[in-house]
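Heads up: numbering here begins at 1 and tracks the sequence.
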Amino acid sequence: MKIDIEYNRGILFVRLSGSLNRKNTYRINNYLIGFIKKHNIKYLVCNLKSLNDIDISGMESLLNTKCTMKNNKGMMYLCGVSKRMND
């Protein structure tokens, strides 16, 4: 999995590509959540368009990120969610 991060006008844009599974959720849990806490990010847009697949551990890491944003009194938006992931 690859994480591309860009910060612009108070919004953190995160683009995920590859597979988000149990083997690499530590990258979200340690790196991304740590970055959000360190810089007190209030708005996060997470683009999942290039994500090939996601398992339950990946979903839990996204929920952990959402909880972190809520604790920061911020908001998290998901975009690029394919119909395949909605099933």
Worksheet item: Looking only at heavy atoms, which two atoms of Tyr7 and Ile41 are closest? And how far apart?
Response: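 Scanning both residues, the minimum pair turns out to be CE1-CD1, 3.6 Å.
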
Practice prompt. Identify the heavy atoms of Met69 and Met75 that sit nearest to each other, and give their distance.
Written response: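 Scanning both residues completely, I find the closest heavy atoms to be CE-O, 3.4 Å.
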
Worksheet entry | Test side-chain contact (heavy atoms from CB on, under 4.5 Å) applied to Ile3 and Met1, step by step | CA-CA 7 Å; Ile3 302 175; Met1 180 187 69; 3.7 Å; yes

Worksheet item: With Val81, which of Asn47, Leu48, Leu51 fulfils side chain to side chain contact (heavy atoms under 4.5 Å, CB included)?
Response: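 One option only clears the test, and that one is Leu48.
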
Practice prompt. Check each of Thr68, Val14, Leu44 against Met76 using the side chain to side chain contact (heavy atoms under 4.5 Å, CB included) test, and report the only one that passes.
Written response: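 When Thr68, Val14, Leu44 are each tested with Met76, the side chain to side chain contact (heavy atoms under 4.5 Å, CB included) holds only for Leu44.
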
Discussion item. Please determine whether side-chain contact (heavy atoms from CB on, under 4.5 Å) holds for the pair Asn40 and Lys42, giving the CA-CA distance in whole Å, both sets of side-chain angles, and the decisive distance to 0.1 Å.
Written reply: CA-CA 6 Å; Asn40 198 26; Lys42 298 289 184 196; 3.8 Å; yes

Worksheet entry | Pairs satisfying ring pair (Phe, Tyr, Trp, His ring centres under 6.0 Å), at least one member in residues 38-70, at least two apart |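 Matches after skipping sequence neighbours: Phe35-His39.
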
Worksheet entry | Separation of Cys46 SG from Ile28 CD1 (nearest 0.5 Å) |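 Those atoms lie 6.0 Å apart.
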
Worksheet item: Hey, what do you get for CD (Glu60) to CG (Asp55), rounding to the nearest 0.5 Å?
Response: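 Glu60 CD to Asp55 CG: 8.5 Å, rounded to 0.5 Å.
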
Item to complete: Could you tell me whether the side chain of Ile54 reaches within less than 4.5 Å of the side chain of Met59, counting heavy atoms only?
Response: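 Yes, at least one pair of side-chain atoms sits under 4.5 Å.
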
Worksheet item: Would you say the side chain of Ile36 lies within less than 4.5 Å of the side chain of Leu12, judging by non-hydrogen atoms?
Response: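 Yes, close enough: below the 4.5 Å cut-off.
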
Worksheet entry | Candidate pair Ile33 and Lys37, rule side-chain contact (heavy atoms from CB on, under 4.5 Å), full reasoning | CA-CA 6 Å; Ile33 291 176; Lys37 288 179 179 179; 3.8 Å; yes

Discussion item. Evaluate Val45 against Cys79 for side-chain contact (heavy atoms from CB on, under 4.5 Å), listing each step before the verdict.
Written reply: CA-CA 7 Å; Val45 176; Cys79 64; 4.0 Å; yes

Fill in: Pairs satisfying salt bridge (Lys or Arg N to Asp or Glu O under 4.0 Å), at least one member in residues 3-17, at least two apart
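Sorted pair list: Asp4-Arg15, Glu6-Arg15.
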
Donor-acceptor list for residues 16-23 side chains, cut-off 3.5 Å, not counting sequence neighbours:
unit_1	atom_1	unit_2	atom_2	d
Ser19	OG	Asp53	OD1	2.5
Asn21	OD1	Lys23	N	3.1

